[in-house]
Novice: 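Before I ask anything, let me first share the structure, which is written out below as structure tokens.
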Amino acid sequence: MTVFYIVCHGETLFSKKGLMQGWCDSPLTNDAIEQTFALSNELKSIHFDGLDSF
């Protein structure tokens, strides 16, 4: 059986302010950074055969 894990990018300062982005990298918010570390701890025990980004 194939299992897919789909993870969305975290909230940025631009998105929090309702600003358009795409030509620059807006920093992640503190909440997004905390969520990223929490997600990484959840995914540590999972073996991945491959990774891809879109």
Side-chain angles (χ1 to χ4, degrees):
M1 176 172 68
T2 301
V3 177
F4 291 92
Y5 292 87
I6 301 172
V7 178
C8 185
H9 64 81
E11 178 184 57
T12 65
L13 293 177
F14 279 20
S15 62
K16 189 170 185 174
K17 292 180 179 182
L19 299 172
M20 298 284 286
Q21 60 186 37
W23 290 98
C24 65
D25 291 328
S26 177
L28 293 175
T29 62
N30 288 335
D31 285 341
I33 293 169
E34 289 177 19
Q35 291 168 354
T36 300
F37 282 112
L39 177 61
S40 70
N41 286 329
E42 294 291 324
L43 296 177
K44 280 182 184 178
S45 63
I46 300 171
H47 170 76
F48 293 95
D49 291 328
L51 298 172
D52 198 356
S53 63
F54 298 91

Novice: Less than 3.5 Å apart, which donor and acceptor atoms pair up between the side chains of residues 28-36 and the rest of the protein, not counting sequence neighbours?
Specialist:
unit_1, atom_1, unit_2, atom_2, d
T29, OG1, E11, OE1, 3.1
T29, OG1, A32, N, 3.2
T36, OG1, A32, O, 2.8

Novice: Is it true that F37 and L43 fall in one hydrophobic cluster, defined by side-chain heavy atoms closer than 4.5 Å?
Specialist: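 No.
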
Novice: Does any pair with a residue in residues 40-51 pass side-chain hydrogen bond (donor to acceptor under 3.5 Å, both in side chains), and if so which ones, sequence neighbours excluded?
Specialist: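 Non-adjacent pairs meeting side-chain hydrogen bond (donor to acceptor under 3.5 Å, both in side chains): N41-K44, H47-D49.
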
Novice: If you count heavy atoms of other groups shown closer than 6.0 angstrom to CZ of F48, is the number above 12?
Specialist: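 Yes, CZ of F48 has more than 12 neighbouring heavy atoms, counting only those of other groups under 6.0 Å.
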
Novice: Would F14 end up clustered with M20 when hydrophobic side chains under 4.5 Å apart are linked, directly or stepwise?
Specialist: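 F14 and M20: separate clusters.
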
Novice: Using side chain to side chain donor-acceptor pair (under 3.5 Å) as the criterion, list what pairs up with S15, not counting sequence neighbours.
Specialist: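 Expected list: T12.
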
